[in-house]
Amino acid sequence: MGALDRFAEFIDWYPKGMSKEERHLVFKIDWLVLSFSCIAFFTKNLDVSALSNAYYAGLGDDLHLDGNKLQFATSMYYVGYAIFQIPSNIVLTRLPAEYYLPAFEVMWGLFTLGTAFVKSYNQLLVMRFFVGFTATACWVGNAHIVNSWYTRQELGKRNAIYGCVYPLGAMFAGYLQAAAYNNLNGAHGMAGWRWLFIICTIITIPCALIGVFFCPNVPDRTRSRYLTEREKQLAVERLLKDGFAKTRGIGRSLFRRIFGDWRIYVFFVVGNLYWMTPYPSGLPYGLWLDSQKEKYSPAMVNNLSTITYAATIVSTMVCGFYSDWRQNRWETMLYGGILILICNVLLLVWNVPGGAKFFAFIGLGVANGPTNLIVPWLAEFMSHDLEARSTSIAIVNVGWVVINCVVPIIAWPIPSAPRFLGGYIWSVVMSVVEIVLLPLPMILERRELKRGINYARMVVEESGLAPAGLEEKTKGVDDQSLEEPTRAANEKEVEVNAIAV
């Protein structure tokens with residue numbers, strides 16, 4: 001074993017005991033899956049962040065975005081983003097992802113280009129809607145791909161890398177805007193903020209072509225030229241041993257398989273609470289810094305914003321590794337939930353020293369790290385049904401999109417900046433509810449196990465392969481109860497296996 005392999009094992013990148021053949025396969029999967037997914041997500045965040053950066057660089061003045069118009073423009077993006085999200089992830093389970101995802105990336109790049117030439121607020125709304133509509137396949141689509149290739153001991157770390165792309169894209173967009181404004185403002189009679197959208201397009205469209213060559217789809221439908229037939233077989237087998245089922249088809253039973261299960265309802269609530277409560281680390285923090293112009297120069301404001309993004313990146317990686325090492329997600333998320341509550345209480349009080357405010361805003365940036373564990377946690381609970389898992393990820397994310405459209409306008413109206421009293425009251429209350437509900441998935445799963453319902457074990461038994469790493473899933477439940485599933489479990493198994501003609 002070489003030094004690099006020993007280091008990878010030390011940081012638990014490859015679980016101990018993994019064969020050389022499987023290590024080589026996982027190494028290939030990392031390059032194929034993470035390369036395109038992260039690049040696509042990066043360009044999406046670049047295009048999305050461009051609006052806020054352009055607003056501070058002159059778009060707001062040029063298009064007269066007074067009052068809540070910036071938030072309405074942002075919400076219009078999310079309206080388009082929400083409409084097609086669930087159908088997109090359903091279609092993705094049937095069409096070749098290596099063509100489907102890049103095609104949409106090209107389209108959102110073109111609509112981003114169109115944003116550079118808008119002349120009015122109404123034109124901006126139209127462009128943001130279509131940027132959102134065409135970008136909908138990116139995050140949820142690639143989240144489905146990422147969470148379809150890895151075992152439970154690997155999901156946290158890979159989702160951490162995928163999650164780090166968001167703050168990296170936001171950081172890069174800030175520096176890109178500064179460069180565009182300083183070097184291109186007025187070039188060819190165009191404002192610097194317009195050049196930002198042009199540059200984003202120049203980056204986005206070539207990156208889409210990477211997906212055609214690297215995106216591997218999901219294991220049992222992959223046609224990747226970089227994987228041998230033996231490696232494709234091994235990719236499927238190692239997931240089956242860990243309780244992740246192969247594709248079962250869509251059919252009329254799909255929504256019964258989703259909405260007939262408690263998982264979608266619990267994760268819809270818990271996930272969206274957890275995603276939204278660190279919200280003040282974004283726009284409210286930026287508007288507070290903007291209100292301190294007499295203290296901080298524009299360059300310093302950009303650097304202070306960068307600190308929050310950097311804190312998110314470090315926290316995301318630490319939480320991903322820690323949750324894999326602990327082999328659970330909720331513990332890490334509980335620590336983050338407590339930090340979210342403390343920081344939101346400080347901001348609600350508001351009349352605290354400047355250092356305490358910085359601690360609160362940056363602390364919420366740190367708390368954004370555990371939010372990247374929601375999707376792998378959901379993926380593990382839905383491991384028995386690939387299509388239901390893909391659709392459930394989209395459904396939960398649509399909830400976040402809708403909340404992100406409504407809550408900022410109601411709780412965080414721009415005219416009330418930077419105090420946002422109503423927003424911080426909402427955040428504190430929701431932070432408490434979030435902490436109370438966080439253990440609920442574990443409680444309900446343990447009740448299922450006590451009743452003899454163990455979907456991961458069923459997947460393994462159906463495959464005829466020796467189980468791997470499922471001890472924790474059945475801990476505390478006697479073997480006899482697992483060998484004799486209840487009538488409810490049998491009925492559920494029949495329903496999951498139903499495929500429409």
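FYI, the numbering just counts along the sequence from 1.
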(message) Between Tyr309 and Tyr166 (judged by ring centroids, cut-off 6.0 Å), do the two rings come close enough to count as a pair?
(response)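 No, ring centres 6.0 Å or more apart.
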(request) Could you tell me whether Phe172 and Phe42 have their ring centroids closer than 6.0 angstrom? (result) yes
(request) Just grab all the side chain to side chain donor-acceptor pair (under 3.5 Å) pairs involving residues 428-440, residues at least two apart or on different chains. (result)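 For residues 428-440, and leaving out neighbouring residues, the side chain to side chain donor-acceptor pair (under 3.5 Å) pairs sorted by first residue read Thr277-Glu434, Asn344-Ser431.
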(request) Return each pair, listed once, that meets side chain to side chain donor-acceptor pair (under 3.5 Å) where at least one residue sits in residues 128-140; pairs must be two or more places apart or across chains. (result)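 Counting only pairs at least two positions apart or across chains, no side chain to side chain donor-acceptor pair (under 3.5 Å) contact touches residues 128-140.
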Answer with yes or no whether the side chains of [Y] and [X] bring together a donor and an acceptor at under 3.5 Å.
X: Glu105; Y: Thr43; result: yes
X: Tyr14; Y: Glu154; result: no
X: Asp30; Y: Tyr150; result: yes
X: Gln233; Y: Glu237; result: yes

(request) Fit a plane to each ring of Phe27 and His24, take the angle between them on a 0 to 90° scale, and name the class: parallel (under 30°), tilted (30 to 60°) or perpendicular (over 60°). (result)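 Parallel, since the angle between the ring planes stays under 30°.
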(message) Please verify the inter-ring angle class for Trp400 with Tyr78; under 30° counts as parallel, over 60° as perpendicular, anything in between as tilted.
(response) perpendicular
(message) Quick test of your reading of the model: are Glu98 and Arg225 salt-bridged, counting only N-O distances below 4.0 Å?
(response)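 No.
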(request) Salt-bridge test for Arg152 and Glu380: reply yes if a basic N is under 4.0 Å from a carboxylate O, no otherwise. (result) no
Any idea which heavy atoms bring [X] and [Y] closest together, and the distance?
X: Ile313; Y: Leu168; result: CD1-CD2, 3.6 Å
X: Ala143; Y: Ile393; result: CB-CG2, 4.4 Å
X: Ser323; Y: Gly156; result: OG-CA, 4.2 Å

Name the atoms and distances for all side-chain donor-acceptor pairs under 3.5 Å in residues 80-92, with sequence neighbours left out.
| from | atom 1 | to | atom 2 | distance (Å) |
| --- | --- | --- | --- | --- |
| Gln85 | OE1 | Asn397 | ND2 | 2.5 |
| Gln85 | NE2 | Tyr81 | O | 3.2 |
| Ser88 | OG | Tyr100 | OH | 2.9 |
| Asn89 | OD1 | Gly141 | N | 3.4 |
| Asn89 | ND2 | Val140 | O | 3.4 |
| Asn89 | ND2 | Ser390 | O | 2.9 |
| Asn89 | ND2 | Ser390 | OG | 3.2 |

(message) How long is the straight-line distance from OH of Tyr162 back to CD1 of Ile145, given to the nearest 0.5 Å?
(response) 9.5 Å
(message) Just verifying a value: how many Å separate Leu101 CG and Ser37 OG, rounded to the nearest 0.5 Å?
(response)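 Answer for the CG-OG pair, Leu101 versus Ser37, is 8.0 Å.
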Taking atom [atom1] as the centre, does [X] end up with more than 12 heavy-atom neighbours from other residues, nucleotides or ligands that are less than 6.0 angstrom away?
X: Tyr226; atom1: OH; answer: yes
X: Trp31; atom1: CH2; answer: no
X: Arg94; atom1: CZ; answer: yes

(request) List for me each residue that meets salt bridge (Lys or Arg N to Asp or Glu O under 4.0 Å) alongside Asp12, sequence neighbours excluded, and say none if there are none. (result)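 With neighbours one apart ignored, the set is Lys157.
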(message) The criterion is salt bridge (Lys or Arg N to Asp or Glu O under 4.0 Å); which residues satisfy it with Arg221, sequence neighbours excluded?
(response) none
(request) For salt bridge (Lys or Arg N to Asp or Glu O under 4.0 Å), just list the numbers for Glu387 and Arg248, CA-CA rounded to whole Å, side-chain angles, deciding distance to a tenth of an Å, and then say yes or no. (result) CA-CA 7 Å; Glu387 284 78 16; Arg248 296 180 184 272; over 6 Å; no
(request) State which residue, out of Leu386, Leu240, Val459, fulfils the side-chain contact (heavy atoms from CB on, under 4.5 Å) condition with Lys246. (result) Leu240
(request) Check whether NZ of the Lys or CZ of the Arg Arg158 lies under 6.0 Å from the centre of the six-membered ring of Trp13 and within 45 degrees of that ring's axis. (result) yes
(request) Taking the side chain as every heavy atom from C-beta outward, state whether Met458 and His384 have any atom pair closer than 4.5 Å. (result) no
(message) Could you go through Glu9 and Lys16, starting from their C-alpha distance and side-chain angles, then the distance that decides it, and tell me whether this counts as salt bridge (Lys or Arg N to Asp or Glu O under 4.0 Å)?
(response) CA-CA 6 Å; Glu9 188 172 286; Lys16 291 183 179 180; 5.3 Å; no
(request) Can you tell me which residue pairs pass the salt bridge (Lys or Arg N to Asp or Glu O under 4.0 Å) test with a partner in residues 199-208, sequence neighbours excluded? (result) none
